[in-house]
Structure formats: C-alpha cells, structure tokens
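Structure first, then comments.
Quick note: numbers below take in every heavy atom, side chains included, and nothing from hydrogens, waters or symmetry partners. Naming convention: chains lettered A, B, ... in sequence-line order (proteins, then strands); numbering from 1 in each chain.
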There are 2 protein chains.
Amino acid sequence: MTAFGFQPHDHTDCIRTTLAQADAYCAEHKLKLTPIRRRALEILLAEHRALGAYDLLAVLAKDGLGTAPPVAYRALDFLTSAGFAHKIEGLNAYIACAHFGADHSPAFLICTSCKSVAEAETTATQGRLGEAARAAGFAISRTVVEALGLCPQCQEAPCA
Amino acid sequence: MTAFGFQPHDHTDCIRTTLAQADAYCAEHKLKLTPIRRRALEILLAEHRALGAYDLLAVLAKDGLGTAPPVAYRALDFLTSAGFAHKIEGLNAYIACAHFGADHSPAFLICTSCKSVAEAETTATQGRLGEAARAAGFAISRTVVEALGLCPQCQEAPCA
DNA sequence: TTGCTAAATGTAATACTATAACATATCAAG
DNA sequence: CTTGATATGTTATAGTATTACATTTAGCAA
C-alpha cells in the first residue's frame, strides 16, 4: 500500500505538503480547490496508488460529499486538468501526481500485483514517441506511457 | 478513413497479404484462425483505424457471426494474444497490427480527429520507460505507449 | 443591494466497455 | 469412437463514464 518509486516514505508529510502546494497553485491561477476537489486529492494522495473513480466516490460518499458518479468524475476532471492527478489508462484508474505543478508528460511503472505506481518524469517530445511524431508530422497533445509488470517487492513475493 | 502512418495506400492488397501471413503463422504455431477470428481480423484490417469492441461486434453480427459481446471480446483476445491486433488503451479500441508476426511493444500515434492510427515499432526495454524500469528494478511485462494528437491532414483541416 | 453571469453541485437516467457463468458444439488425439 | 480440450452460443451482470437538466453558489457589475 505504501509506495513511491516503490520505496516507503512519510505519507502524512507528503500529503500535507502537496495539498499546500495545490492551494497555492490554485490561488495563483484563479482555480477553485473546492471541498470536494480538495478531499478527492487528499484521498488520492493518502492511497498513493491508482484508485478507480468509483473507489474514490465511495470514500467521498462516506464523507457526505456526494453519491452520484459525476461527483467523482468532475473532481477527477479538475484534478487531472490542473495537473494534480493523472489517469492510468491501463487500469482505468487515477493517481495523484508525484511531480507537482509544471506541465509534464508522465510515464508510469505499474505493479499489477500490489497496484503501486511509480511516476517518472518526461516531456512529450522526448523518447521514441517524440521521434516518431516528428518524423510523421504528428502534433502531440497528450501522451500515455505506461509499463505494466512487477515491482521489486512483488518479484520476490509473488504469492502475497 | 484510409491511413497507414497517415499515408494513403492499397487496402485490398494489405488486407490480403496480412490475412495470408496470419493463416501461415497460425498453421505454424498450431493456432486456430476460425471464421469468426479471421473475419474479425479482416474487419480491423479493412477499417485501418481503432475500432471499439461493439463496433466490431456490429459488423460480425451483420455477417451472422454472433450478436453477444463475448463473441467480439473472445475474437479480440485471440487476435491480441497472437499479436495480430493491439488494444489502444487511450481509446478503449482495437486495431490490427501493422508489423505482423514477431513479439513487439508497439507505440501509437493516434489522431483524435479522424481516429487514424500509426504504429511505430519499439521494444519494451527501449526508451525512457526502459531506463526507468531498470533503475527501479521493475520487471516489465507489457507497455502502453500512445500519443494522442492531430495527424498532418487534420492539422490542416481541423473542421473536417 | 440587487441582479446578472459563470461556475459548481445535485440527481436521475443512460450509454459504453467488459466479464462471469454455464450450456452446447466441434475437433484432434489416443 | 470416446475422451478431453478448445471454441461457440447465450443470458446476465459488473464496471466505467457521460448526458441532461435542475439547483445552488460565488464573483462581479449596475
């Protein structure tokens, strides 16, 4: 359950710091980090793994913040648009961004056993995808770069 | 509708050639390219763009080859397992493989306007994902590498 | 303050994507 | 020919996401 680049770390601190950064970012960019949105981000940060929209919704519902699917999807739309979270297409799930702030094109290492996710930093025009796009005259607006496999822990203990 | 690396080409020939290759590959590997599976591949080849499972099913149904969802998903499972087709995660859609045969880790350029898809060839351990995986001790089993954006044609005619 | 406008939220219904479960049929190997 | 594995037929359901519209809230201007 605890994974960041597959290493344990201090969750409480990372949640608090990132929420503060999000508050500051929204203030500066005239975005509204409403209670639902802020709580959704907090939930994703606390889990620190990919969470389905309905999983998120279940937690929001326990807090009395909404019960219908659009509540979760709207919060996720906001968070992903603002760059506070990303969608993992290979899992139809969402995760808090590990590299707060700037516009970026994340790459993910996703453990299919324990569901932990590591986020690597890239730019959209790097790597083989960027090469191929330039060669083809293709204009990239978004990239999906994900590797599914086993994290170091789960390679050692496959039956966990 | 006609796109291969976003260039027009001879569909009829490419369908025939690839089906023949698939027949040969299945004979050699003791796989059964049954009528449903063969027709599904033919449909994907003919469209030459990402097709939803239910879109495929609709065509199969017109041919009297089945009406229930498992018909389409089973055919797609077979085709993707055999390497004859790939799933585009960013679109929840499927496309015939443009590089027949060998085991490979495809990278896609996907036009969000006309839905055409170009497939680039890579290996799972190449590029930034491979670097990140090695650094983290992560064992890759499958990669998802996709760029969403506009193909050359749609950049010029955005209102098509 | 009042009223306007845009954004956010509440809610119900529905669409889209995918799988589970189980019965039946087909086919190759012994 | 029978057995076992694979493929297909079919119904139901699970999981993911959006549309549509009513209501509320927040910010701003008259």
- Heavy-atom contacts, protein to nucleotides 24-30 of chain C, under 4.0 Å, summarised as B (base), S (sugar-phosphate only) or - (none) per nt, yield -------
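- You'll find the side chain of Ile88(A) reaches within 4.5 Å of the side chain of Phe108(A), heavy atoms only.
- With sequence neighbours excluded, the residues that form a side chain to side chain donor-acceptor pair (under 3.5 Å) with Asp63(B) are Arg39(B).
- For Glu89(A), the salt bridge (charged side-chain N to carboxylate O under 4.0 Å, His left out) criterion is met by Lys87(A), Arg142(A), not counting sequence neighbours.
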- Item | Criterion side chain to side chain contact (heavy atoms under 4.5 Å, CB included) on Leu148(A) and Thr143(B), from CA distance to verdict | CA-CA 6 Å; Leu148(A) 305 177; Thr143(B) 60; over 6 Å; no
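- DNA chain C is contacted by no residue of residues 34-45 of chain B, taking any non-hydrogen atom closer than 4.0 Å.
- The side-chain heavy atoms of Leu31(B) and Phe78(B), taken from C-beta on, include a pair separated by under 4.5 Å.
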Can you give me every donor-acceptor pair (side chain of residues 70-77 of chain B, partner residue at least two apart or in another chain, under 3.5 Å) with its distance?
none

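- By the side chain to side chain contact (heavy atoms under 4.5 Å, CB included) test, Ala22(A) is found to be paired with Leu33(A), Leu41(A), Phe84(A), Phe100(A), residues two or more places apart in sequence or in another chain being considered.
- Qualifying ring-ring contact (aromatic ring centres under 6.0 Å, His included) partners for Tyr94(A), counting only residues two or more places apart in sequence or in other chains: none.
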All N/O pairs under 3.5 Å across the protein-nucleotides 16-19 of chain C interface:
from	atom 1	to	atom 2	distance (Å)
dA18(C)	OP1	Lys87(B)	NZ	2.4
dA18(C)	OP2	Tyr73(B)	OH	3.2
dA18(C)	OP2	Tyr94(B)	OH	3.2
dA18(C)	O5'	Tyr73(B)	OH	3.4
dA18(C)	N7	Tyr54(B)	OH	2.7
dA18(C)	N6	Tyr54(B)	OH	3.3

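- Contact check for Cys26(B) versus Lys32(B): no side-chain heavy atoms found under the 4.5 Å cut-off.
- Running 5' to 3' along DNA chain D, contacts with non-hydrogen atoms of chain A at under 4.0 Å begin and end at dT16(D) to dA20(D).
- When the C1' atom of dA8(C) is taken as reference, atom CG of Leu60(A) falls 15 Å away, rounded to whole Å.
- Glu42(A) CD to Arg16(A) CZ: the interatomic distance, rounded to the nearest 0.5 Å, is 12.0 Å.
- Qualifying side chain to side chain contact (heavy atoms under 4.5 Å, CB included) partners for Thr67(A), counting only residues two or more places apart in sequence or in other chains: Ala61(A).
- Contacts of Arg38(B) classified as salt bridge (charged side-chain N to carboxylate O under 4.0 Å, His left out), with partners at least two apart in sequence or in another chain: Asp23(B).
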